[in-house]
Amino acid sequence: MDFIKLAVNNLLRHKIRSMLTLIGIAASVAVLFSIVSFNRGFEQGLDNELRKTGIHFMIVPAGCPHEVASLVLHGAVTPKFIDIETLDAARKISGVELASPMLVTQLANREMDRLDLVHGMDMAHVSALKPGWQLKGAVPEDDDGLIIGAEIAGHDNIQIGDTIRYGSRSFRVAAIIANTGSQEDAFVYMPIRALQEIVEKRDGLTAIGVKVAAPDRLDQVTEALAMQVPGIQIVTMNEVMRSLGTLANSAKVLGMSIAVIAMLISAVGVMNSILMAVFERTPEIGMMRAIGASKLDIFRIIMKETLLLTTCAGVAGIFVSSVAAGIIEGFVRNFMPYVPSGKMIHFEPLLALACIAFSLTVGLLAGGYPAWKASKINPIEAIKG
Amino acid sequence: MIELHGIQKNYVRGAEAVHALRGVDLEIGKGEFVSVVGPSGSGKTTMLHIMGCLDQPSMGVMKIDGAAVDQLPEKELVRIRREKIGFVFQQFHLIPGLSVYENVTLPLLFARREADEEKIRRLLSLIGLDSRRRHHPNQLSGGEMQRVAVARAMVNDPEVLFADEPTGNLDTENSDRIFDLLSALHDRGLTIVMVTHNNELAMRSQRIIRLQDGQVQN
């Protein structure tokens with residue numbers, strides 16, 4: 001017989017009550033773990049995605065530049081275009097290593113009865129703009145070749161050399177991108193001239209991606225560009241990152257607030273449950289005091305019960321959030337303005353330990369009052385019942 | 001062994017001042033088997049609690065083995081309860097989820113002493129429940145539960161056993177059995193102080209102390 005066994009026995013005497021209290025705390029810990037893990041995954045995913053773009057800044061049409069940049073990056077269609085002259089002007093700026101046109105739109109794929117996200121680009125710039133790509137096949141050298149993402153290829157069982165039709169034009173699949181874990185897996189990359197013809201915007205661009213020769217001179221290049229080409233908007237990848245981070249921040253704050261409130265409610269639930277148990281066991285506590293238990297012993301018994309409950313709940317919460325990471329992630333994604341592709345919630349041992357420690361702290365705080373109350377029970381009154 | 005000199009116990013209940021004990025003088029010798037009788041509200045249980053170091057008198061001096069204990073700090077009273085005193089209650093107060101064996105060894109947990117299995121088994125044999133040591137209180141009759149409570153009170157080898165209405169919830173047969181058990185313990189040298197309403201059982205003890213209105217009646 002030891003204090004832990006006594007605490008376990010006490011918790012098991014009211015299995016349903018203990019289980020409900022445990023579920024409350026476990027759910028809160030699961031939410032906390034998922035949100036913190038999601039946030040960390042979000043930041044890493046965003047960083048990875050922006051790094052993969054291979055450009056330092058974008059020239060985008062008028063409007064909210066950060067929003068436009070993020071839309072372009074993720075294949076959404078923007079209603080505004082910039083002129084081809086801007087591309088020529090950008091290429092003349094000292095320090096610009098590469099200025100590459102981008103046109104993003106949706107095209108009807110009638111064979112598959114769906115809309116494809118099509119990214120028009122200069123195929124000569126593929127290796128510079130997409131240094132991380134691993135291609136099966138070769139970058140097309142004419143305007144009739146396509147590069148397609150792994151997801152589309154896998155979904156439609158498309159092989160190199162197959163044909164895809166958009167409108168009246170047929171395109172040959174020249175290359176398939178190995179899985180990148182990003183939105184690029186669902187894109188079709190088309191020579192920009194071909195795409196401009198299809199959408200009948202021969203000089204229209206959605207954005208221009210710019211790579212500078214010396215990244216430490218980025219500010220000078222963007223200033224020079226802004227001076228020489230008035231009316232354009234420039235957004236650096238760092239700004240896009242910050243902007244997306246700010247957009248997502250409100251959702252993160254909301255999520256964390258929900259987790260903290262859930263924890264507080266659970267803590268009140270734990271306190272209520274343990275307090276009820278103390279009141280119900282008042283005669284028993286009186287008996288224990290009579291047969292030699294000190295006030296501290298009683299305090300320890302109640303605290304151990306609480307800590308045992310919250311620790312088990314913490315472990316259960318981590319287990320649930322790890323097992324149900326996909327469902328939780330899908331749910332959270334609905335509330336975020338933008339989420340990088342790939343898996344956001346990962347099992348991180350240190351984070352799991354931190355969440356269990358947090359749960360333990362909640363137990364300490366929630367159990368403190370009932371334990372103190374129990375230790376103050378007058379044994380004489382308690383024995384009388 | 002136990003001396004009470006001018007013990008008074010006063011407390012307030014609502015707006016009413018209660019004088020539970022009004023100057024009790026009493027001595028109980030080592031190895032005595034004493035029954036405390038008296039009508040309800042006469043102060044029997046209050047006196048038992050003071051003698052058992054669960055309560056402290058408002059006035060007067062109480063000594064155990066010659067040492068005054070009436071003004072000792074809580075920590076010392078806990079030590080005395082662990083080392084010298086055993087308690088048996090009318091309501092048994094066994095812990096439901098624990099086995100008979102675990103209930104009996106509960107005081108050892110608070111005394112930070114290891115359970116001597118051989119000794120516990122002998123104690124369980126004495127109360128006739130060794131074969132049921134793994135049973136839980138809900139599998140026992142009232143008489144059996146009270147016998148477990150007696151074994152629990154004995155596990156720390158106390159010098160004195162205080163029993164507050166130990167047969168109050170039992171039928172005649174089980175009451176006799178509990179009394180026989182207490183008598184057997186008394187025969188082994190244990191001092192027993194039993195509060196009871198059962199005059200028949202009280203008559204079978206060595207000595208009867210009658211309380212009325214907080215005073216010992218001669």
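Since this is a predicted model, take the numbers as computed values, not measurements. Within every chain, numbering begins at 1; the chains are lettered A, B, ... in the order of the sequence lines, protein sequences first and strands thereafter.
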Tell me, for [X] versus chain A, whether the close heavy atoms (under 4.5 Å) come from the side chain, the backbone, both or neither.
{"X": "B:Arg152", "answer": "side chain"}
{"X": "B:His49", "answer": "side chain"}
{"X": "B:Gln90", "answer": "neither"}

Subject >> Options B:Leu109, B:Val155, B:Val78, ranked by heavy-atom pairs under 4.5 Å with chain A, top entry >> reply: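 Top option by heavy-atom pairs under 4.5 Å: B:Leu109.
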Which bit of [X] comes within less than 4.5 Å of chain B, counting heavy atoms only: side chain, backbone, both or neither?
{"X": "A:Ile285", "value": "neither"}
{"X": "A:Ile291", "value": "both"}
{"X": "A:Arg289", "value": "both"}
{"X": "A:Leu296", "value": "neither"}

**OP:** Give me the ring orientation class for B:His93 and B:Phe89: parallel if the planes are under 30° apart, tilted from 30 to 60°, perpendicular past 60°.
**Re:**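 The rings of B:His93 and B:Phe89 stand perpendicular, inter-plane angle above 60°.
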Subject >> Sub-6.0 Å ring centroid separation between B:Phe179 and B:Phe33 >> reply: yes
**OP:** Decide yes or no on side-chain contact (heavy atoms from CB on, under 4.5 Å) for A:Phe3 and B:Phe110, but give the supporting numbers first.
**Re:** CA-CA 9 Å; A:Phe3 281 105; B:Phe110 304 126; 4.0 Å; yes
Original post:
Between A:Asn272 and A:Gly269, is there a donor-acceptor pair closer than 3.5 Å when you use the side chain of the first and the backbone of the second?
Top reply: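 No.
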Original post:
Taking atom types as modelled, is there a side-chain donor on B:His135 or B:Glu144 under 3.5 Å from an acceptor on the other?
Top reply: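 The criterion, which ignores hydrogens and geometry beyond distance, is not satisfied for B:Glu144 and B:His135.
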**OP:** Please check if any side-chain donor atom of A:Arg13 sits under 3.5 Å from a side-chain acceptor atom of A:Asn10, or the reverse.
**Re:**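 Their side chains do contain a donor-acceptor pair, which is all the 3.5 Å distance test asks for.
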